[in-house]
Amino acid sequence: MLAMQNDDTETEDIVYSFSRLMRYSLNHPSEQSSLLKEVEVNRHYMKIQQLRLDDRMDFLEAVDQDLMDLHCPPFIIQPLLENAIVHGNSQSLSKCTLQLKIYQTDKHYFIQIIDNADVAAEEKLAQINAGLNQERPKISETAENGFALKNVADRLMLFYHGHAGLQLYKTGVYTISEIKIEK
């Protein structure tokens with residue numbers, strides 16, 4: 001209310017986005033969400049991140065609206081966005097673009113987080129992917145231990161009964177975090 005009274009629309013927008021993110025987090029007791037809810041809450045998350053990173057990051061969406069009713073575990077997109085920001089965009093000195101892409105083929109649904117920070121090494125991505133496929137990952141003492149990614153991968157496997165997974169890879173300067181769900 002203070003931001004509204006002072007005509008501070010930027011603060012008002014960020015407080016609103018933060019409250020939506022917190023409400024989704026705190027009021028989501030079920031193990032199920034929808035892509036619509038996931039996309040909406042991540043728009044708020046990205047609004048906060050764009051303010052924090054100022055003009056160093058653009059965020060784009062290419063979302064198939066026909067897939068918005070698809071059921072999914074909650075918070076499968078936000079950790080991937082955060083990972084791309086922390087390990088990609090914030091490590092780059094140049095302006096970066098982060099894209100959320102959701103689409104389908106005949107056999108699969110895809111959720112991709114694509115960034116052009118070009119800081120991820122192929123060897124590191126191979127190591128991460130190997131850790132995602134282990135039942136008991138080796139726990140690291142560093143902050144880069146991949147708990148969030150492993151958590152997303154595990155929840156996808158449980159929710160979709162082994163018919164979904166998470167993989168990270170590079171294509172040129174792009175690093176892609178990809179959720180692949182069998183139809």
Side-chain angles (χ1 to χ4, degrees), residues 20-46 48-49 59-89 97-117 120 122-140 143-171 174-183:
R20 297 297 297 179
L21 185 62
M22 293 305 296
R23 184 172 292 133
Y24 182 74
S25 176
L26 297 173
N27 294 333
H28 218 291
S30 76
E31 294 296 320
Q32 182 170 294
S33 187
S34 69
L35 279 181
L36 175 65
K37 290 178 185 174
E38 282 287 293
V39 168
E40 286 176 352
V41 77
N42 283 291
R43 285 180 183 142
H44 293 294
Y45 174 75
M46 290 307 298
I48 294 167
Q49 292 300 325
F59 178 64
L60 306 171
E61 284 185 9
V63 176
D64 183 342
Q65 295 300 311
D66 293 337
L67 300 180
M68 293 298 96
D69 290 334
L70 182 69
H71 296 287
C72 63
F75 284 106
I76 58 169
I77 296 174
Q78 187 274 335
L80 304 181
L81 288 168
E82 183 176 352
N83 191 64
I85 292 168
V86 170
H87 300 290
N89 293 29
T97 301
L98 190 60
Q99 180 179 15
L100 170 61
K101 186 174 182 182
I102 300 176
Y103 65 98
Q104 63 181 316
T105 62
D106 290 339
K107 296 182 181 182
H108 296 95
Y109 302 109
F110 291 91
I111 302 169
Q112 295 179 331
I113 306 301
I114 305 165
D115 78 74
N116 67 342
E122 297 273 353
E123 303 80 36
K124 180 67 175 173
L125 296 178
Q127 181 183 17
I128 291 169
N129 286 326
L132 293 176
N133 296 318
Q134 293 177 358
E135 277 191 44
R136 291 182 170 217
K138 182 179 177 184
I139 298 173
S140 168
E144 297 182 22
N145 51 29
F147 283 122
L149 295 176
K150 180 66 174 155
N151 182 285
V152 169
D154 288 349
R155 288 187 300 118
L156 287 167
M157 290 299 287
L158 288 170
F159 189 87
Y160 294 108
H161 307 288
H163 297 283
L166 172 63
Q167 179 181 14
L168 282 66
Y169 60 93
K170 282 187 73 79
T171 301
Y174 299 100
T175 303
I176 301 171
S177 301
E178 179 179 85
I179 295 172
K180 183 177 177 180
I181 305 165
E182 292 179 24
K183 286 188 173 179

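We use all heavy atoms of the structure for the numbers below, so side chains are in, but hydrogens, waters and symmetry mates are not.
- For H163, the ring pair (Phe, Tyr, Trp, His ring centres under 6.0 Å) criterion is met by no residue, not counting sequence neighbours.
- The side-chain heavy atoms of K170 and E122, taken from C-beta on, include a pair separated by under 4.5 Å.
- Minimum heavy-atom separation, S34 to C72: C-SG, 3.7 Å.
- Looking at I102 and Y109, their side chains never come closer than 4.5 Å, going by heavy atoms from C-beta outward.
- Residues passing the ring pair (Phe, Tyr, Trp, His ring centres under 6.0 Å) test with Y169: none are found, sequence neighbours excluded.
- Taken from CG in L149 to CG in L80, the straight-line distance is 6.5 Å, to the nearest 0.5 Å.
- Other residues, nucleotides and ligands contribute more than 12 heavy atoms inside 6.0 Å of the NZ atom of K183.
- Here the side chains of H108 and E182 are in contact, with some heavy-atom distance below 4.5 Å.
- The two residues L67 and L35 have their closest heavy-atom pair at O-CD1, 3.5 Å.
- Formation of a donor-acceptor pair under 3.5 Å by the E38 side chain with backbone atoms of I77 is found in this model.
- Here the closest non-hydrogen pair linking F75 and V152 is O-CG2, 4.1 Å.
- Nearest heavy-atom pair, L168 versus N129, reported as atom, atom and distance to 0.1 Å: O-ND2, 2.6 Å.
- With a 6.0 Å radius and a threshold of 12 heavy atoms from other residues, nucleotides or ligands, Y160 has its OH atom above the threshold.
- In this structure, CG on D115 lies 10.0 Å from CG on L81, to the nearest 0.5 angstrom.
- With respect to L166, the side chain to side chain contact (heavy atoms under 4.5 Å, CB included) criterion is satisfied by exactly one of I76, I128, L132, N151: L132.
- When side chains are defined from C-beta on, L100 counts as touching I113, because their heavy atoms get closer than 4.5 Å.
- Proximity of a side-chain donor or acceptor of N83 to a complementary backbone N or O of P79 within less than 3.5 Å is not detected.
- With a 4.5 Å cut-off on side-chain heavy atoms, M46 and E61 do not count as touching.
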